[in-house]
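Have a look at the structure below before the remarks.
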Amino acid sequence: MASLQPARGTHDLLPEDFRRHARVIDIARETASLYGFAPIATPIFEFTEVFQRTLGDTSDIVTKEMYTFTDKGGEQVTLRPEGTAGVARALISNGLSQHLPLKYFYAGPMFRYERPQKGRYRQFHQLGAEALGYAGPDVDAELILMSARLWRALGLDGLRLELNSLGTAASRQAYRALLVEYFGDHRASLDEDSQRRLGQNPLRILDSKNPEMQALIAGAPSLTDHLDEESAAHFAQLRATLEAAGVDYRVNPRLVRGLDYYSRTVFEWLTDRLGAQAAVCSGGRYDGLVEQLGGRPTPAIGWALGMERLVELVQDSAPPPPAPHAYLVPLGGAAEQAALALAEALRDELGELRLVTHCGGGSLKSAMKKADRSGAELALILGEEELRQGVVVVKPLRREGEQQGMERGALVGRLRECIQARRA
């Protein structure tokens with residue numbers, strides 16, 4: 001049992017890690033609320049069809065990475081590998097299309113069976129934003145501006161933005177034919193993964209990280225040069241809006257997304273501080289996704305980021321939780337029972353009171369050591385004699401002062417003073 005470890009690709013969030021995650025989520029949620037995004041949560045697992053119909057049968061997620069199983073009712077279900085498909089399904093299931101446009105923010109665990117490495121786990125945490133029912137490039141720019149504001153709120157700098165447009169499904173199909181012809185003429189130079197993608201999704205070859213293929217990829221036809229007229233105008237307006245807002249970016253014609261539902265705008269925020277895992281935040285437009293799930297045509301765009309990667313970039317750790325105002329030490333059986341009741345009554349009366357009650361018995365000396373280590377301002381001591389007298393002994397722990405017995409009214413006043421002092 002001593003060697004028992006978490007399952008490969010998972011990890012525990014111990015208190016400090018949890019606080020850092022929670023801080024990032026809180027800041028992201030607050031940032032999203034400034035732009036009118038409301039919180040949403042979807043189930044951790046969905047019917048497998050939700051992801052098969054939206055992510056594409058040729059995507060690596062569907063073919064290699066999904067945690068899919070048959071439940072006791074004989075249904076095929078999948079632990080969610082990403083958040084967008086579930087939000088789109090929720091839009092349809094809850095009849096929300098009649099209320100468009102809508103903006104949602106989510107955060108939660110996702111699951112993919114892939115090789116664990118720095119910043120990448122099989123159970124990982126993701127937060128994201130989705131804007132549904134918006135067709136124009138203005139909301140594309142707003143989502144990018146919102147993510148840039150998030151970096152500032154987290155104190156991050158040095159991230160760079162890359163943009164591309166994938167065009168419509170029709171223009172992308174025509175471009176796909178050009179890629180198949182180009183890479184087909186160089187089949188012998190393709191690695192095994194790219195040869196597989198040539199027949200399934202040749203755009204993904206452009207995303208290859210194999211250094212031996214970069215020269216070949218650089219010579220491929222550029223998607224940007226083969227956009228349909230409407231997509232080119234959409235992309236030009238997005239760029240102009242970002243430039244007017246002072247956002248630096250680079251157009252990367254090789255930037256594609258691994259999921260089939262993307263169209264037109266795609267973007268990534270990148271860093272050099274995470275090794276091979278350069279992408280911090282990825283997003284794009286998915287105008288056909290809701291319709292693929294059986295809903296009415298709904299233009300939409302969103303972005304998502306992996307919490308584990310982002311937390312690594314946040315330099316300052318989350319502040320420790322605030323120390324308790326007081327530490328209550330009961331002495332004896334009757335006092336232990338009375339102490340818990342007293343603590344509840346004090347919490348009721350003083351809503352901001354952080355009060356720890358000593359549990360587990362032991363000597364007064366050991367209890368007082370724990371009181372001191374807790375960081376509490378005051379120790380409250382309740383023994384048999386104090387019960388008879390109707391008082392609680394109050395002992396300062398952080399400054400000079402004599403301990404004294406206090407009746408209930410004086411005790412509440414002393415604790416209120418402590419709360420106000422800590423607040424200041």
Side-chain angles (χ1 to χ4, degrees), residues 27-28 30-37 84 101 103-105 127-169 171-172 175 203 206-207 217-218 220-259 261-274 278-287 299-305 309-310 313:
I27 292 174
E30 175 61 28
T31 301
S33 72
L34 299 177
Y35 293 77
F37 284 74
T84 302
K103 294 178 177 179
Y104 291 126
F105 171 87
L127 58 85
E130 314 288 352
L132 302 113
Y134 297 88
D138 50 354
V139 78
D140 302 20
E142 183 182 61
L143 273 165
I144 292 172
L145 290 168
M146 185 173 80
S147 58
R149 182 172 295 276
L150 175 58
W151 312 145
R152 294 195 298 272
L154 291 170
L156 294 179
D157 54 23
L159 275 65
R160 63 186 187 276
L161 174 65
E162 293 191 349
L163 300 177
N164 195 19
S165 176
L166 301 181
T168 62
S171 65
R172 196 161 60 252
Y175 175 65
L203 269 74
L206 302 176
D207 199 33
I217 291 172
S222 173
L223 176 56
T224 310
D225 296 334
H226 295 84
L227 291 178
D228 58 282
E229 186 175 337
E230 190 175 344
S231 294
H234 185 109
F235 193 46
Q237 189 172 339
L238 167 63
R239 294 174 61 185
T241 304
L242 292 177
E243 289 164 11
V247 177
D248 293 328
Y249 67 87
R250 181 178 80 91
V251 174
N252 178 3
R254 308 304 178 199
L255 176 60
V256 295
R257 307 294 295 125
L259 306 180
Y261 57 59
Y262 282 105
S263 60
R264 290 194 174 160
T265 303
V266 290
F267 62 90
E268 286 187 344
W269 287 95
L270 307 172
T271 181
D272 296 323
R273 292 161 51 192
L274 292 176
V280 177
C281 174
S282 302
R285 182 164 281 280
Y286 49 94
D287 293 343
I301 185 172
W303 56 250
L305 58 85
R309 295 186 198 179
L310 184 60
L313 292 174

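- Between the Asp287 side chain and the Ala300 main chain, a donor and an acceptor come within less than 3.5 Å of each other.
- The residues Arg254 and Glu162 are annotated as not salt-bridged, no charged nitrogen and carboxylate oxygen being separated by less than 4.0 angstrom.
- Between the CG atom of Leu159 and the CZ atom of Arg152 there is a distance of 12.0 Å, given to the nearest 0.5 Å.
- Using a 4.5 Å heavy-atom threshold, the side chains of Pro299 and Arg285 count as touching.
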Open item on the list: With side chain to side chain contact (heavy atoms under 4.5 Å, CB included) as the criterion, how do Glu268 and Asn252 come out once you've worked through the C-alpha distance, each side chain's angles and the decisive distance to 0.1 Å?
Closed with: CA-CA 10 Å; Glu268 286 187 344; Asn252 178 3; over 6 Å; no
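- Contact of the Ile301 side chain with the Val139 side chain is registered, since non-hydrogen atoms from C-beta on lie closer than 4.5 Å.
- Partner of Leu156 under the side-chain contact (heavy atoms from CB on, under 4.5 Å) criterion, chosen from Thr271, Val280, Leu310: Leu310.
- More than 12 heavy-atom neighbours from other residues, nucleotides or ligands sit within 6.0 angstrom of CG on Asp225.
- Side chain of Arg149 to main chain of Thr31: no donor-acceptor pair is present (N/O by atom type, distance under 3.5 Å, no hydrogens or angles).
- One distance of note links CD1 of Ile144 with OH of Tyr249; it measures 10.0 Å at 0.5 Å rounding.
- Closest approach of Gly284 to Phe267, counting heavy atoms only: N-CE2, 3.9 Å.
- With Tyr286 contributing its side chain and Gly302 its backbone, the two residues share no donor-acceptor pair below 3.5 Å.
- Leu166 CG to Phe235 CZ: the interatomic distance, rounded to the nearest 0.5 Å, is 9.5 Å.
- Leu150 contributes atom CG, which lies 5.5 Å from atom CH2 of Trp303 (distance to the nearest 0.5 angstrom).
- Between Trp151 and Trp269, the ring planes are perpendicular. Angles over 60° get that label, and only those under 30° would be called parallel.
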Task: Step-by-step side chain to side chain donor-acceptor pair (under 3.5 Å) determination, Ser231 to Arg264 - done: CA-CA 6 Å; Ser231 294; Arg264 290 194 174 160; 3.0 Å; yes
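- Of all the heavy atoms in Leu161 and Leu242, the pair that sits closest is CD2-CD1, 4.4 Å.
- Looking at heavy atoms from C-beta onward, His234 lies out of side-chain contact with Asp228 at the 4.5 angstrom threshold.
- Between Leu227 atom CG and Asn164 atom CG the span is 7.5 Å, to the nearest 0.5 Å.
- To the nearest 0.5 Å, atoms CE (Met146) and OG (Ser33) are separated by 9.5 Å.
- Smallest separation of non-hydrogen atoms from Pro137 and Gln237: CG-CD, 3.6 Å.
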